[in-house]
Amino acid sequence: MSTEPETTEEAGPGTPDTRGTREGDADAGTEGRTEGGAAEGAEDGIAAEGAEGAAAEDEGATDESATEGAEGAVGEGAVGAGELSEAEAELAAQRIERERIERRKAEKRGPIASGTKLSGKAADLLAAVRAVESGEKPVATVFTEPAPAPRRPAPEPVRRPQPAPAVAPGAPAPETVDAVRRVLAEGGAPDALAPQVAAVLGEGAGTVLREDPWQLLRVGGVRPEQADGFARALLGPDCGPDDARRGRALTVWLLEQAAVAGHTALELPTLTAALGRQGVPDPDAAVQDALAEGEALVFQDALEEPGAPAPQDTDEEQERPVRVLVGLERYALAEESLADGLARLANSVPEQAGQAWETVTAGLSGGAAELARAVAGHGLVLHTGGEAARAEPAALLGAARAAGLRAYAACHTPNGRGRLTAYLAASSERQGEATGRPGTAPVEPGAAAAEPGDGHPARPAGDPGAQGVVTVSGLLAGVEGPGRDADGALEVDLLIVLDAPQLDVESAAMLVESLPDGARLVLSGDPGVLWSAGPGRVFADLLAAGVCPQTVSRVPDPGPLGELVSGIGVGELNQVAAPGKEIVIVPVRDAGEAVHRTVQLVADSVPRAIGVPAGQTVVITPGHGGAAGTRALNSALKERLNPGPGRFGGFDPGDRIVYSPAPGRTVPGVVVKADTDGLHLSCAGAPVVVPRERVEGSVRHGWALTAHQAVGARWPAAVVVLPGDAPQALSRPWVYTAFGRAERHLSVVHGVEQALPKAVAEVPAKPRTTRLATLLRTQASAS
């Protein structure tokens with residue numbers, strides 16, 4: 001395989017086979033861990049994969065929307081971020097903080113940095129929490145590797161959501177904050193934490209915190225050892241590791257860390273072992289205490305034994321092996337609600353498909369017709385395939401809407417929505433050519449062509465919502481898609497969800513609970529990509545359960561890139577002919593060279609040799625920190641592509657950014673301007689204004705992304721950077737996802753030698769502990 005010569009800026013075609021790389025240690029530095037990489041000496045336990053909304057910094061390079069593949073157990077001395085309603089209380093807490101600062105300014109005629117006069121554990125605690133809030137430090141969890149920041153709280157999934165504007169809750173009462181501040185001062189903790197503690201613990205927070213100091217663990221960024229120090233200062237000699245309050249709080253904290261890592265529950269032995277490593281003398285008693293207080297739930301799920309006959313009576317059923325799981329109520333209810341909703345959909349479709357569905361199936365052919373026939377007779381259908389397979393649900397959507405059905409398709413990103421709209425337009429054109437009539441899909445006039453040769457058909461310039469294409473977040477928020485009936489159910493006959501592997505258990509439960517009886521649901525996606533950032537593995541569990549029809553697309557992704565990615569999906573890093581320089585390997589010796597060559601590729605080589613401008617090229621790297629993480633790469637790319645003083649929080653007009661409107665959601669955009677109102681962005685064509693106080697925590701430069709940030713979107717060109725410290729982060733799903741973001745051209749800045757083919761061949765997706773597959777099978781056997 002050919003690799004890029006040292007003396008040239010572009011190389012000939014080839015695939016990422018490391019046999020041709022240059023010799024050298026290719027060490028990209030160890031001070032910044034790669035995204036989701038496993039630390040040495042990691043113990044058995046919870047795999048930290050796919051946690052949404054991480055804010056990582058120099059000490060660890062976790063994915064902002066998820067920590068992929070971080071392997072290892074709940075380890076001693078690990079740090080963590082408890083699940084909390086931080087997003088909901090954010091504005092109110094910041095308002096309280098600004099008022100306090102203004103009072104100090106008035107008193108001393110100058111700004112005073114809160115915490116500058118603190119020392120010891122109080123200063124450490126304030127620094128840890130502030131580092132998490134600002135994104136300057138990783139939100140580390142119970143795992144040996146850092147894990148992402150808390151995800152957004154979701155509404156109760158067992159109730160159908162009612163359309164209503166989002167209203168930020170009021171700030172905690174001043175007397176509540178003052179009471180908390182006094183307790184924090186007694187325990188030596190910084191009073192800057194008071195608004196957060198009051199928001200998390202609610203009314204009477206001061207009393208709650210005084211009676212149970214370990215409740216401080218509910219604040220993001222607080223570590224167990226810091227909560228222990230706070231408790232010792234408050235309780236004195238009465239404080240000890242065997243305190244029941246400590247065991248309860250640590251049990252909940254560990255379950256929250258498991259959710260951040262993608263698990264909806266933990267096996268009991270894993271949880272008790274983790275408690276033991278946190279110094280809890282009697283882990284079993286701690287778990288039982290948490291269960292008795294209603295802070296966790298316990299489940300017994302029968303283990304599936306392949307080939308074993310089903311039990312015929314009650315005695316045999318009681319003797320079947322079971323696994324005991326412990327989980328938080330929030331995710332347990334979501335998973336059970338999702339299983340109930342899926343069963344309801346599967347059983348509510350009438351036997352006769354109706355005239356409309358006969359019209360739909362008659363107007364399609366190939367894989368789209370096969371998908372339509374499955375949907376006509378079933379309320380729940382799974383559809384799998386790569387990027388090109390999106391043409392099949394697009395054709396189904398167009399035919400269903402042309403037949404008068406209330407059909408909609410939901411994508412996870414604006415980019416995905418645009419791609420589906422393009423396939424919908426192409427399907428309409430083909431149908432019109434076949435029938436001699438205009439296309440049946442309601443494509444807006446004035447369709448604009450895509451960039452030449454970008455691998456997609458023409459992209460319509462009209463509103464995708466007019467064609468039934470929405471985003472998942474917009475659909476759930478009630479700002480996109482159909483209206484709702486009196487019961488709060490979406491007024492749809494068919495809902496197609498694209499990129500279904502990105503559905504976490506709470507979002508999936510809300511979607512399913514929003515569908516009326518008789519509606520049909522199609523979940524379509526590529527099972528080879530990274531899983532959801534939030535807890536659960538909904539699509540994978542449904543595929544494994546085998547409780548509904550599954551259609552597999554036979555449409556391959558075209559060209560050398562399609563051939564390369566398809567091979568990776570089955571564990572093979574094949575040598576692929578790339579006569580048009582679709583794939584280029586750029587071997588590097590160290591992280592500094594990796595950054596230099598990446599900037600050279602984006603700014604010069606790819607635009608000149610491939611014809612893709614820098615604005616349509618994405619850089620993907622395993623993590624945020626380190627010498628070749630997103631921060632280092634974004635800094636270098638900004639200096640080359642859009643230099644400026646960073647007048648507003650490090651940003652200038654024209655900067656490419658990613659904006660997080662809520663923990664766990666990222667939207668790409670561009671900086672337009674900055675004024676007294678805040679930072680003005682253009683995100684997916686929509687104007688967004690981010691207030692000054694929220695810029696630091698919710699906006700990042702976006703020339704370089706992690707794979708979890710990039711999943712669900714594609715660009716004409718992609719540069720995947722694999723520095724020397726990347727091997728521990730690499731897995732088959734990671735490589736499959738990163739390489740699959742390119743439409744026309746892929747450059748691989750290669751410094752990991754044989755670790756790349758080894759990861760593709762030997763490192764599958766890390767397991768997640770979930771209950772959905774068991775719940776689905778139980779319901780199927782009972783029906």
Discussion item. What I'd like to find out is whether the side chain of R218 reaches to under 4.5 Å of the side chain of L209, using heavy atoms alone.
Written reply: no

Worksheet item: When you look at D340 and S337, which way does the side-chain hydrogen bond (donor to acceptor under 3.5 Å, both in side chains) test go after all the steps?
Response: CA-CA 5 Å; D340 292 342; S337 173; over 6 Å; no

Worksheet item: So T769 and T264, side chain to side chain contact (heavy atoms under 4.5 Å, CB included) or not? Walk me through it.
Response: CA-CA 6 Å; T769 304; T264 59; 6.0 Å; no

Item to complete: Specify the closest pair of heavy atoms between L328 and V252, including all atoms of both residues, with the distance to one decimal.
Response: CD2-CG1, 4.2 Å

Worksheet, complete the sentence: Taking every heavy atom of C683 against every heavy atom of V667, the minimum-distance pair comes out as CB-CG1, 3.8 Å

Practice prompt. Compare every heavy atom of G650 with every heavy atom of H701, then report the nearest pair and how far apart it is.
Written response: CE1-O, 3.2 Å

Worksheet item: Are the side chain of T272 and the backbone of L268 linked by a donor-acceptor contact shorter than 3.5 Å?
Response: yes

Worksheet item: Is the backbone of D504 close enough, under 3.5 Å, to the side chain of S507 for a donor and an acceptor to pair up by distance?
Response: no

Discussion item. Between the side chains of R771 and E336, is the shortest nitrogen-to-carboxylate-oxygen separation below 4.0 Å, so that they form an ion pair?
Written reply: yes

Item to complete: Side-chain contact test, heavy atoms from C-beta onward, threshold under 4.5 Å: evaluate it for L511 versus L476 and give yes or no.
Response: yes

Worksheet item: Under 3.5 Å, is there a donor-acceptor pair between the side chain of S698 and the main chain of R694?
Response: yes

Worksheet entry | Interatomic distance, L338 atom CG to M510 atom CE [nearest 0.5 angstrom] | 12.5 Å

Worksheet item: Within a strict 4.5 Å, meaning less than it, do heavy atoms of the L271 and T251 side chains meet?
Response: yes

Response to the item:
Shortest non-hydrogen pair, A249 vs W214, comes out as CB-CB, 3.7 Å

Item to complete: Check for a donor-acceptor pair, side chain of Q709 on one end and backbone N or O of T706 on the other, with a separation under 3.5 Å.
Response: yes

Practice prompt. Spell out, as yes or no, whether a donor-acceptor pair under 3.5 Å connects the side chain of R768 to the backbone of G536.
Written response: yes

Worksheet item: Step by step, would you call T471 with H412 a side chain to side chain contact (heavy atoms under 4.5 Å, CB included)?
Response: CA-CA 5 Å; T471 62; H412 284 269; over 6 Å; no

Discussion item. Testing the basics here: between V183 and F230, what is the closest heavy-atom pair and its distance to 0.1 Å?
Written reply: O-CE1, 3.8 Å

Discussion item. Just verifying a value: how many Å separate D282 CG and Q288 CD, rounded to the nearest 0.5 Å?
Written reply: 9.5 Å

Worksheet item: Counting heavy atoms not belonging to E293, are there more than 12 under 6.0 Å from its CD?
Response: yes

Discussion item. Any non-hydrogen side-chain atom of F651 less than 4.5 Å from a side-chain atom of V695?
Written reply: yes

Discussion item. Walk me through whether T770 and D541 qualify under side-chain hydrogen bond (donor to acceptor under 3.5 Å, both in side chains).
Written reply: CA-CA 8 Å; T770 63; D541 281 343; 2.7 Å; yes

Worksheet item: When you look at V326 and L297, which way does the side chain to side chain contact (heavy atoms under 4.5 Å, CB included) test go after all the steps?
Response: CA-CA 6 Å; V326 181; L297 301 177; over 6 Å; no

Discussion item. With heavy-atom distances below 4.5 Å as the criterion, would you say the side chains of D677 and P691 are in contact?
Written reply: no

Discussion item. Working to the nearest 0.5 angstrom, can you tell me the gap between L266 CG and L254 CG?
Written reply: 8.0 Å

Worksheet item: Taking C-beta and beyond as the side chain, do D301 and V322 meet within less than 4.5 Å on heavy atoms?
Response: no

Item to complete: Supply the atom-to-atom distance T774 OG1 to E335 CD, rounded to the nearest 0.5 angstrom.
Response: 9.0 Å

Worksheet entry | Atom pair CD1 (I657) and CZ (R700), whose distance is rounded to the nearest 0.5 Å | 12.0 Å

Item to complete: Could you please spell out the steps behind the side chain to side chain contact (heavy atoms under 4.5 Å, CB included) verdict for V197 and L216?
Response: CA-CA 7 Å; V197 175; L216 193 65; 3.9 Å; yes

Worksheet, complete the sentence: Closest non-hydrogen atoms of L217 and A227, given as atom of the first, atom of the second and distance, are CG-CB, 3.8 Å

Practice prompt. Evaluate the side-chain proximity of L235 to R245: yes if any heavy-atom separation is below 4.5 Å, no if none is.
Written response: yes

Worksheet item: How far apart are the C-alpha atoms of R210 and E186, what are their side-chain angles, what is the distance that settles it, and do they pass the salt bridge (Lys or Arg N to Asp or Glu O under 4.0 Å) test?
Response: CA-CA 9 Å; R210 187 182 300 279; E186 290 181 33; 2.8 Å; yes

Worksheet item: Counting only N and O atoms by type, is there a donor-acceptor contact under 3.5 Å from the side chain of D212 to the main-chain atoms of V208?
Response: no

Item to complete: Would you mind reporting whether W253 and Q278 have side-chain heavy atoms less than 4.5 Å apart?
Response: yes

Worksheet item: Quick one: does Q196's side chain have a donor or acceptor within less than 3.5 Å of a partner on V219's backbone?
Response: no

Worksheet entry | Distance (rounded to the nearest 0.5 Å) between H624 NE2 and N634 CG | 9.5 Å

